[in-house]
Amino acid sequence: MRSLFKTLDRATLGDMGLVCLADGVVGMSFGAIAVSGGLPLWFPVALSILVFAGGAQFATVGVLLAGGDPVTAAMTGLALNGRLLAYGLTVSELLGQGWMARLLGAHFILDESVAFAMKQTDPAAKRAAFWVCGILIFGVWNLAVLAGALAGQAIGSASSLGLDAAFPALLFALVWPALSNGTTRRRVLAGGALALISAPWVAPGLPVLVALLAVVPSALRTGQTATPPTKA
């Protein structure tokens, strides 16, 4: 591990520290909201260790707190984590050769670890950035979630401090950077409209999955564009 740190420059390590600090704040909020909303303390802690994906964890717990069933909550989390499949193809050579190393490395495939790895030009630095960022965030995130869950236990009720409104606010903050793209913004608005329309008619949690229908037309157009022309 020490050799990995030595491979990276101070500026990169400093940026990772700032990311860990921000993720720690979000992790504490996640733990506090989940427990104060009525879930047992072990649940957000176990979810953070086993799933370790902030957006998916927020969505899963949000569905459960809204009264949705566990299957719908899990499907929502899986849908949000779909992007990680493409990340896995991008960083597959950084995970190592043995199946244990690749299994562990797959757990550290995050937006942040992939971004830091792709920023490097040297292969050794790419590998170091991926592993160092993933391990650091894993440690900080899980400790922060535990601290937040303990605080949530002391708070008692999510509504007492307005934490019941924090879930949608945090999720909005997570997607805000992507809304600068016009195409993405239109898809988000269409998905939001579908979710609102379907909400009175489907079970809690399902409107999030219904909102995914907004990306289907664009995905079909992309697939048609990518189809190579046939020879006459």
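Heavy-atom minimum distance, Leu89 versus Ser92: O-OG, 3.5 Å. For Ser48 against Pro44, the heavy-atom pair with the smallest separation is OG-O, 2.8 Å. Residues Met16 and Ala129 share a closest heavy-atom pair of CE-O, 3.5 Å. When all heavy atoms are compared, the tightest approach of Asp23 to Glu112 is OD2-OE2, 3.1 Å. Counting all heavy atoms, side chain and backbone alike, Gly105 lies closest to Phe130 at O-CZ, 3.4 Å. Nearest approach of Met118 to Leu94, heavy atoms of both residues: CE-CD1, 4.4 Å.
Each of Phe30 and Leu143 belongs to its own hydrophobic cluster when Ile, Leu, Val, Met, Phe, Trp and Tyr are linked at side-chain heavy-atom distances under 4.5 angstrom. A continuous path of hydrophobic side-chain contacts links Ile49 to Phe108 [ILVMFWY only; heavy atoms under 4.5 Å]. No single ILVMFWY cluster, assembled from side-chain heavy atoms under 4.5 Å apart, contains both Leu78 and Leu64. If you chain together hydrophobic residues whose side chains sit under 4.5 Å apart, Val19 and Leu136 fall into the same group. Clustering ILVMFWY residues whenever any of their side-chain heavy atoms sit less than 4.5 angstrom apart, transitively, puts Val140 in a cluster other than the one holding Val114.
Here the CZ atom belonging to Phe58 is positioned 11.5 Å from the CG atom belonging to Leu65, to the nearest 0.5 angstrom. The structure places CG of Leu84 at 6.5 Å from CG of Asp111, a figure rounded to the nearest 0.5 Å. To the nearest 0.5 Å, atom CG of residue Leu47 and atom CG of residue Asn142 are 10.0 Å apart. Here the CG-CE distance, from Leu146 to Met28, works out to 10.0 Å after rounding to the nearest 0.5 Å.
Contact of the Trp99 side chain with the Leu103 side chain is registered, since non-hydrogen atoms from C-beta on lie closer than 4.5 Å. Inter-residue side-chain proximity for Lys126 and Trp131 is flagged as unmet; no heavy-atom pair is nearer than 4.5 Å. Residues Met75 and Val71 have side chains in contact (heavy-atom distance under 4.5 Å, counting atoms from C-beta outward). In this structure, Leu110 and Ser113 have side chains that are in contact, with non-hydrogen atoms separated by less than 4.5 Å. Inter-residue side-chain proximity for Val91 and Ile109 is flagged as met; some heavy-atom pair is nearer than 4.5 Å. Between Phe116 and Val132 there is no side-chain heavy-atom pair separated by less than 4.5 Å.
The aromatic rings of Phe52 and Phe138 lie perpendicular to each other, with more than 60° between the two planes, well past the 30° mark.
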- Message: Apply side-chain contact (heavy atoms from CB on, under 4.5 Å) to residues Val26 and Trp141 and explain how you reach the verdict.
- Response: CA-CA 8 Å; Val26 176; Trp141 177 261; 4.0 Å; yes

- Task: Show your working on side-chain contact (heavy atoms from CB on, under 4.5 Å) between Val61 and Phe43 and close with a plain yes or no.
- Result: CA-CA 9 Å; Val61 170; Phe43 186 82; 4.0 Å; yes

- Task: Decide yes or no on side-chain contact (heavy atoms from CB on, under 4.5 Å) for Leu13 and Asp9, but give the supporting numbers first.
- Result: CA-CA 6 Å; Leu13 291 173; Asp9 56 70; over 6 Å; no

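Side-chain polar atoms of Asp15 and Thr12 form no donor-acceptor pair below 3.5 angstrom.
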